[in-house]
Amino acid sequence: MENLHPKNDSNAIYSKKFEGLGFTTRAIHVGQQPEPVHGGVSTSIELSTTHAQTYPGVPYGKYDYSRAGNPTRTSLELQVASLENTKFAQIYSSGMAATSACISLLKVGDEVVCIDDVYGGTQRYFRLISAANQGVTYKFAAIDKPEVLKNSLSEKTKMVWIETPTNPTLRVTDLRESVKIVKSYNKDILIVVDNTFLSPFNCNPIDYGVDIVLNSGSKYLGGHSDIIMGTLCTNCPKLNDKLYFILKCVGAVSSPFDCYLMIRGIKTLSIRMQRINENALAVAEFLTKHKNVSKVCYPGLKTDPNYSIQKTQLREAKGVGFGGVVSFYIKGEKEETCNFLTHLKVWTLAESLGAVESLVNHPAFMTHTSIQPEIRKQLGITDNFVRLSAGIEDVQDLLADLDQALNNMNKQKAKF
Ligand SMILES: *Cc1c(COP(=O)(O)O)cnc(C)c1O
């Protein structure tokens with residue numbers, strides 16, 4: 001298929017001079033060509049939905065209609081592709097829109113082999129829309145175990161869906177091993193990795209030979225809990241053309257203003273992630289020692305079963321770490337857990353993750369309620385299970401707050 005993507009050539013050419021430079025330098029400069037008329041160094045928000053043509057069918061510049069392409073979005077595509085170490089990126093209106101674009105590559109009867117502990121929204125879309133109404137079949141399995149992955153593949157398998165670490169129990173998949181297993185079985189099976197939990201700062205899954213890297217930009221990329229967005233990155237021109245065609249046809253595009261906010265957020269991704277990695281590790285170590293905590297899940301703990309694999313698939317750069325999500329089990333039941341949650345002052349009880357402010361979530365009652373109770377139990381999402389997303393606040397305040405709330409977990413607090 002012809003590459004329909006309206007490339008902003010001058011911006012792409014401008015960006016070439018940053019190739020091979022450091023992650024943070026690229027985050028700040030790639031795709032951010034100074035505005036051509038006045039030289040503004042901050043990328044403009046191009047609001048026009050339509051662009052003038054000089055002759056029927058001959059646009060004035062590179063763009064005709066904003067669903068098909070927009071200069072602010074192009075800047076963001078170049079920036080995101082550079083950070084995921086890929087040739088191409090497509091920007092969608094949410095992580096779920098990006099997910100559904102991947103599934104739109106498939107036909108009736110095709111099968112997706114998917115990690116069992118996949119993000120709740122992904123699971124809901126796969127089970128209740130794609131499988132229920134559209135005839136794609138799904139096999140959910142613990143494919144973080146190589147032998148389970150091997151046994152799950154069949155002639156029908158067209159896509160393997162990996163999320164690593166998983167949400168919320170933080171199981172890690174060995175990407176090198178998984179790519180070897182899948183591609184030696186059938187090289188045409190597409191491997192998608194949801195990289196939301198680590199962000200491109202900590203890990204670039206494309207380096208291990210996967211086909212598509214997905215990020216929910218709503219989390220670390222945006223980083224301020226104020227944008228819903230999704231990204232898909234690939235090195236394959238054909239796949240990129242197909243994903244662009246789906247984006248343009250379905251129309252799940254991001255607004256120019258959201259693209260601008262995302263560009264701005266990404267410029268500080270490195271320094272936010274460094275601090276988040278540090279804070280999360282300190283939180284995980286603190287919880288391991290607390291008398292009211294029975295178990296901590298964090299791949300950054302040397303005692304965690306996922307540590308040794310995760311360590312080998314992090315990017316090699318200063319400040320890189322294991323991400324900001326830490327999950328743990330309270331020594332207690334539902335009541336003690338809810339008391340703990342309501343006693344917190346600095347940590348905000350809210351869904352989502354990946355922003356500057358620290359958030360706490362009760363998966364069984366919040367993010368994972370749509371998953372059947374027996375599946376939740378099987379995955380370890382019990383009533384005493386808590387998921388934290390460390391922000392960039394002063395770490396002593398985060399630890400002190402967790403400490404007082406854990407020590408008060410036997411006292412009920414009035415609902416407000
Ligand atoms: C939030 C999230 C998504 C969905 O992204 P939205 O932007 O909310 O649509 C997908 N995968 C993971 C791991 C997420 O955390």
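Just follow the structure's listing: the first ligand is 1, and inside any ligand the first atom is 1.
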S.K.: Look only at interatomic distance and state if G95 has a nitrogen or oxygen under 3.5 Å from any nitrogen or oxygen of ligand 1.
M.R.: yes
S.K.: Working note: D383 + E333, criterion side chain to side chain contact (heavy atoms under 4.5 Å, CB included); need CA distance, chi angles, decisive distance, verdict.
M.R.: CA-CA 6 Å; D383 287 355; E333 306 293 328; over 6 Å; no
S.K.: In the protein, which heavy atom is nearest to atom 3 (C) of ligand 1, and how far is it?
M.R.: Y119 CE2, 3.3 Å
S.K.: In ligand 1, which numbered atoms sit nearer than 4.0 Å to a non-hydrogen atom of S218?
M.R.: 6 (P), 7 (O)
S.K.: Of S66, S44, C259, which meets side-chain contact (heavy atoms from CB on, under 4.5 Å) against T72?
M.R.: C259
S.K.: In this structure, are over 12 heavy atoms from other groups packed under 6.0 Å from R315 atom CZ?
M.R.: yes
S.K.: As a quick check of understanding, evaluate side chain to side chain contact (heavy atoms under 4.5 Å, CB included) for N167 and H368, giving each step before the final call.
M.R.: CA-CA 10 Å; N167 173 22; H368 290 66; 3.9 Å; yes
S.K.: Taking N or O atoms only and a 3.5 Å limit, does K219 qualify as a polar contact for ligand 1?
M.R.: yes
S.K.: Regarding ligand 1, does M96 bring an N or O atom to under 3.5 Å of one of the ligand's N or O atoms?
M.R.: yes
S.K.: Under 6.0 Å from the CD atom of E147, do we count more than 12 heavy atoms belonging to anything else shown?
M.R.: yes
S.K.: Apply ring pair (Phe, Tyr, Trp, His ring centres under 6.0 Å) to the pair W161 and F126, showing each step before the final yes or no.
M.R.: CA-CA 11 Å; W161 196 276; F126 285 177; 5.2 Å; yes
S.K.: Is D194 in polar range of ligand 1, meaning some N or O pair under 3.5 Å apart?
M.R.: yes
S.K.: Would you mind running through ligand 1 and noting each atom that sits below 4.0 Å from a heavy atom of E163?
M.R.: 13 (C)
S.K.: Tell me whether the rings of Y260 and F257 are parallel (<30°), tilted (30 to 60°) or perpendicular (>60°).
M.R.: tilted
S.K.: Does an N or O from S216, backbone or side chain, lie closer than 3.5 Å to an N or O of ligand 1?
M.R.: yes
S.K.: Using a 4.0 Å heavy-atom cut-off, which part of M229 comes near ligand 1: side chain, backbone, both, or neither?
M.R.: backbone
S.K.: Is it the case that T99 and Y119 place a side-chain donor and acceptor less than 3.5 Å from each other?
M.R.: no
S.K.: Which atoms of ligand 1 have any heavy atom of T196 under 4.0 Å away?
M.R.: 11 (N), 12 (C), 13 (C), 14 (C), 15 (O)
S.K.: State the atoms of ligand 1, each with its element, that fall below the 4.0 Å cut-off from a heavy-atom position in S94.
M.R.: 7 (O), 9 (O)
